[in-house]
Every structure is written in C-alpha cells, then in structure tokens.
Amino acid sequence: MNKIKDLLMFIYGRGQGMLTFDSLQQLIPKKTTSSKAAKLRDSLTEKDTCLITYGDMLQPSKKEPETHSQTALEQLKEFLERWNHGSFNYLHILPFHPYSSDDGFSVIDYREIDPALGDWNDIAALAKEYKLVFDLVLNHGSKQSAWFQSFLENNASYRDWYITKPADFDVSSVFRPRMHPLLTPFCRKDGSVVFVWTTFSEDQVDYNLANPQVLLEFIKIFFEYIEHGARIVRLDAIAYIWKEDGTSCIHHPKTHAIVKLLRALIDYLELDVLILTETNVPNEENLSYFGKGDEAHLVYNFALPPLVLHAAVSGDASPLRTWANTLPQPGEGPIFFNFLASHDGIGVLPINGLVDDLSFKKTLNTVIERGALVSYKDAQSGPVPYEINCSYLSAVAPLSLGTSKERARAFLCCHGVLFAFAGLPAVYFHSWVGSEQWEEGPQLFGYNRAINREKPRKDIVETALNDEHSLRASVYTGFEKLLTFRKSERSFAPDIPQQILPAEGSVFALARGPDPSGRYVLCIQNLSNNQAKFDLRTAPKIEILIQHGIDSEMLLSPWETRWIGYGGGKAISMLEI
C-alpha cells in the first residue's frame, strides 16, 4: 500500500495524490484480500497457448433460420467445443462492448456487452472453460459515449475528462501514430467549439488521466473485469495515455507509473491476474514496459512478426537470428506474448535498426504484390510506413507456392518459429483456420485493417475444415500437430533456457532446455522454398542424437519444420512438417 500511495503522489503531487489514495482505498474489493502469505500465482507452462478472436468472429450458417436464438458468443463457444481439442486454454476476446468504430476499440460503455454479441452470462460461460483475456482501452473511448456527451454538455463532473487544446496548439513535438490531425473540433451544446485530443481517430477521444477521477473510474472497471473472469488484462495503446506539453507524449514516466500502480494493486490483492502491455514501438521501448519486474507481467514481442515475415519472404533469416541472440534469457527479463498475426497489421516500427532498410523495402514491395496494403503515419520527413495490413498466410504463402499442402507447410514453418520461442504463444483466429486476406474488406469498410477482419459464415469455414484437401484443413491439422508436440515437452515452458544456434541463409534453429530432467528440444525451420543444410553439431548434448543414428549434417526440404526432443531419460520424440 505504501508503494501505491507513493505512485499516486508521483502522478498527482503530494496533496492530490493523498486524496486520490484515500479514494482508492474505498474502491479496493476487501473480499479478495487475504491476511495469509501471498499465494504463488499459477505460472505459465508449456501447455499454455492463447487464441485471439472477436466475439462475433463467425456469422450464422446459411441454413440456420434468421430467428435462431443463439448469441454470437454462444456460437463461438460451440465452435471452440467442436474444433479446439486442447490447443488453446487462453482466450483473448477482443473488445466486446458497445462501440462506434475500429471493430470494438472505440468503446461506448465499458460495463455493457454489445447486444449483438450476447451478455455477461455468455462471458461467464466462456470463463468456465478458458482463462480469458480482456482489453482495457485506457487511452480513448467513443465520442458517442455518455461520458463524452456529458463533457459536451459542460457537465461539471465530466468537464475535465478529456484533453482540450487551443486550435493553434503546436503539435510538432508529439509522436504521431496516424496521419489525421491530432486535434478534432467538437461543438458543445452551448454552441462553443472545443478542440479535443484524438490520437487514433476523430471518433476516439483521448481521456485525461491527469484528472484522478478518470483514473479511479478505470480502476473500478479494472476490478470489475477481474470479477467477470479476466485472467490477463491487456492494456491497449498504453504508451500514449499521459500527455504533457513539450514532450513526445509517448512513454511518459507517469504512463509507466500507472502501469506500476495496476501491477501493485494485483500484488497487494494477491490476484491470479496478469498484465499485458500493447506497445507497438521499437524493441527497446517495448521492453521498457516490463520495468524492473514491477510493471507488465507480459509484453508483446512486436519485433517477431515482421522479422519472421522478412525471413520467409526474402529467404534470409540472418536478421531474425541476430535479433533473437539479443533477447534476455527466460527468467531474466519479460515473459513475451509471442505472436505473428493479430486483428491489427504487422507493425513496421519494431524492426527499426534490425533489418537493412533496402532489404526490408524489397520485402515490403513483395507482400504488396501479393495483395497486402500499407498504412502510414506522420513523421517530420513525411508519411512513413507504420504497418502492413494483410493475412499473414497470404503474405508468406502466396498462391504461387503451389498446392494447398505446400502453402500450409510454409505458413506452419513460420509458426514453428513462433512456438519455439520462450513465452506465451498466441494465434489469431484467422491463422488457426487458414484464412486468406479479405480483399473486399477495405473497400467495404474504408480502412486497411479490414483485410484481416473478415467474419465469415460458420458453415463455410467448417465445410473447408472437413475437407482434408483444403488449405484451411491443412493449416488447422498442422497447428494441432505443432501444439500437441509443444504441450508434451516441458522444455517449452517460458522459464526454460533457449539457445539460438548458428545457421546460415534461410535456416532458423534454436534449442530449448535443459528442463529439470535434463531434456532438450531442438527446433529447426527452413524459411524458404529451397533446400537447406543445418549442422547439428552446434546443438547441446549432440552425443545423444548421434548415438541414436541421427546424422550430424541435416538436409532440410523447402519450408520444413523439424523438432526433436531428446535426453532426460526419455525416448527421442520427433515432429516433421
């Protein structure tokens, strides 16, 4: 509690900080506290994997009557019961509140479920089956919300809930992740015009966290999420929440203090809850949200998606290998939330300085030829690429690769890299079921990210999954093989060491282990359409493999994934895709 008090005084000053601390103490749910010694939080293991999905990811089948009573969340649950055979135990349901834009990230009411999805009973039903991930959209909300409408009415209680500036405010020092104007004019009910800070869109108005009442309201919501079953709280766009004139308004010390505050509340209450920060920024800045072990429990591994993409498109895995060698050893730094695809695009900023600009430009041009779109942000030099919008499958495994099985193999090879790394792996729903990019999406909705946010009919997806020759079925089956193997090997747990092995060209190889029994897993991926060689003599405890007749020079076929578990007094296990 002393730490919580100190953080509030740092954020708001001594006087206001003490008043805020007094108010905060009234919000703490006493029934969750314990006088006993702090229990050990369930640690993440090799058996943990997260699926990322919208609540209405699937539309009803064509044959279902228009009057069918099943909610979207019930339909999602039913689909998962049929197709998720233990692959995923964490479920990230993207924002499920009433919203006005950005597919849920422009929240109208944080305490309600979008009626189009269902209600809190549906969330409770999913919480019985999965460890749920909720989004706390702390930076901004919908201009249609009751809060913002009260602000426009000049209601005293909401007068300082949003950030306003003069029309001629100098925005040159502010880091801009988008190209639209930073300030958006709104007309108050009395006819006056006010210019409101809008980082991401004119529909998404930024909250004023310098007003302690705003922070306290979100802490209430934070506790309510936990009561509703959240086991991971994802802090969306957290890097931007604190604004101070004359600064870049990103990664402010008080932003970090608010993350530390939420972490301190979890620790004080001994909650079995983890904080995940979403900061799509260069690698070093992203890692700063782990703090000194007192901020996020997990941070997104934002450099991984573009580095794997570049390796798969260019056939050169050297930037991936070089970067991977700089990562802290498991147990010595953050736990990474590892992913390749999500509801957003593939961020370009995280690989600044990690890939030669000219080489990555070739990769960018190639994926554009394959149908990808590029979103831009403002910079002093003019618009620069911010993210690639595509289906990850379509970008790394285009039609030109050949059959469905060959394309699936290339896509799964990329995920072999993902699943090998220490951390909590996460898979986007469309990756899991082998979806290609939805080319009509951006035209229909007017924004690039729609290319990877299709919500297809359930029967269309299931028909393809039941067809063993389809691309969807090949991808889905491959995921089951990879994740079944991963869950069977203790060496894949987030706290087990990893060693990046020397390799050349398109080969990426790492060894996980030893686990407590002395067992290792060797993970080798050939990220190209050509044969490649790998010298097995760089692997730890190579004598075990040689004793079992495995050749020290390994020839890898195009897009081959080969995993080998060995040692620890157990038989050798092997997976080849």
Side-chain angles (χ1 to χ4, degrees), residues 1-30 32-33 110 136-141 145-148 150-166 169-170 173-174 183 188 194-197 199 205-226 233 235 237-271 275 277 288-289 291-296:
M1 290 301 284
N2 284 334
K3 181 172 185 177
I4 291 169
K5 180 168 60 178
D6 289 344
L7 286 166
L8 287 170
M9 287 193 292
F10 171 74
I11 295 168
Y12 296 116
R14 184 171 184 83
Q16 186 60 63
M18 285 299 298
L19 290 172
T20 307
F21 177 67
D22 291 341
S23 297
L24 175 58
Q25 289 186 87
Q26 304 306 311
L27 302 181
I28 292 176
K30 298 291 190 286
T32 62
T33 61
Y110 291 82
L136 183 59
V137 188
L138 194 58
N139 181 71
H140 54 263
S145 70
W147 294 346
F148 190 67
S150 295
F151 164 80
L152 292 179
E153 292 169 0
N154 214 15
N155 183 314
S157 298
Y158 293 91
R159 193 169 293 151
D160 297 322
W161 269 56
Y162 300 91
I163 299 170
T164 61
K165 295 292 179 183
F169 176 71
D170 181 6
S173 64
V174 178
L183 301 178
R188 288 191 186 272
V194 62
F195 289 84
V196 179
W197 198 293
T199 298
V205 285
D206 285 34
Y207 298 112
N208 178 21
L209 272 298
N211 176 355
Q213 295 307 312
V214 177
L215 178 61
L216 290 170
E217 187 66 23
F218 275 105
I219 289 174
K220 287 183 194 175
I221 293 167
F222 178 69
F223 287 141
E224 289 167 17
Y225 279 2
I226 294 168
V233 177
L235 303 182
I238 191 67
Y240 303 94
I241 64 171
W242 195 276
K243 286 83 171 174
E244 181 180 338
D245 292 358
T247 73
S248 63
C249 301
I250 185 173
H251 313 312
H252 194 282
K254 293 186 178 182
T255 292
H256 285 280
I258 290 172
V259 179
K260 290 178 182 179
L261 176 67
L262 295 175
R263 171 67 178 267
L265 287 167
I266 285 174
D267 291 344
Y268 170 68
L269 294 170
E270 303 169 12
L271 299 174
I275 288 177
T277 49
S288 71
Y289 283 85
K292 295 180 179 179
D294 59 351
E295 291 190 41

Trainee: Looking at Phe21, is Lys5 sitting on its ring face, NZ or CZ under 6.0 Å from the six-membered ring centre and within 45 degrees of the normal?
Mentor: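 Judged by the rule (NZ or CZ under 6.0 Å from the ring centre, within 45° of its axis), Lys5 counts as positioned above Phe21.
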
Trainee: Ignoring hydrogens, what is the shortest heavy-atom contact between Ser23 and Leu216? Give both atom names and the distance.
Mentor: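 Smallest heavy-atom distance, with atoms named: CB-CD1, 3.7 Å.
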
Trainee: Check side-chain contact (heavy atoms from CB on, under 4.5 Å) between Asn154 and all other residues, then give those that pass, not counting sequence neighbours.
Mentor: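 Result, side-chain contact (heavy atoms from CB on, under 4.5 Å) vs Asn154: Arg159, Arg188.
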
Trainee: Which atom names give the shortest non-hydrogen contact between Phe169 and Leu183, and what distance separates them?
Mentor: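 Of all heavy-atom pairs spanning Phe169 and Leu183, the closest is CB-CD1, 3.9 Å.
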
Trainee: Taking all non-hydrogen atoms of both residues into account, name the closest pair between His256 and Glu295 and its distance.
Mentor: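 Reported closest heavy-atom pair: ND1-OE1, 2.8 Å.
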
Trainee: Centre-to-centre under 6.0 Å for Phe148 and Tyr162, is that the case here?
Mentor: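 Judged by ring-centre distance (under 6.0 Å), Phe148 and Tyr162 do meet the cut-off.
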
Trainee: Using the ring-ring contact (aromatic ring centres under 6.0 Å, His included) criterion, which residues pair with Phe218? Sequence neighbours excluded.
Mentor: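 Result, ring-ring contact (aromatic ring centres under 6.0 Å, His included) vs Phe218: Tyr110, Trp147, Tyr207.
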
Trainee: Tell me the closest heavy-atom pair linking Pro212 and Thr20, and the distance in Å.
Mentor: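 Taking every non-hydrogen atom into account, CB-OG1, 3.4 Å.
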
Trainee: Indicate yes or no: at least one non-hydrogen side-chain atom of Glu217 is less than 4.5 angstrom from one of Gln213.
Mentor: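 Not in contact.
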
Trainee: Go through the side-chain N and O atoms of Asn139 and Asp206 and say whether any donor and acceptor fall under 3.5 Å apart.
Mentor: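 Short answer, yes.
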
Trainee: If you look at every heavy atom in Met1 and Ile28, which pair is closest and at what distance?
Mentor: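 Smallest interatomic distance, heavy atoms only, reads CE-CD1, 3.9 Å.
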
Trainee: Which heavy atom in Ala264 sits nearest to a heavy atom in Lys3, and how many Å separate them?
Mentor: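 Of all heavy-atom pairs spanning Ala264 and Lys3, the closest is CB-CD, 4.5 Å.
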
Trainee: What residues form a ring-ring contact (aromatic ring centres under 6.0 Å, His included) with Tyr240, not counting sequence neighbours?
Mentor: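 Only Phe200 meet the ring-ring contact (aromatic ring centres under 6.0 Å, His included) criterion with Tyr240.
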
Trainee: Can you check whether Tyr12 reaches Leu19 side chain to side chain, under 4.5 Å on heavy atoms?
Mentor: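 When only atoms from C-beta onward are counted, Leu19 and Tyr12 do not touch, as no gap falls below 4.5 Å.
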
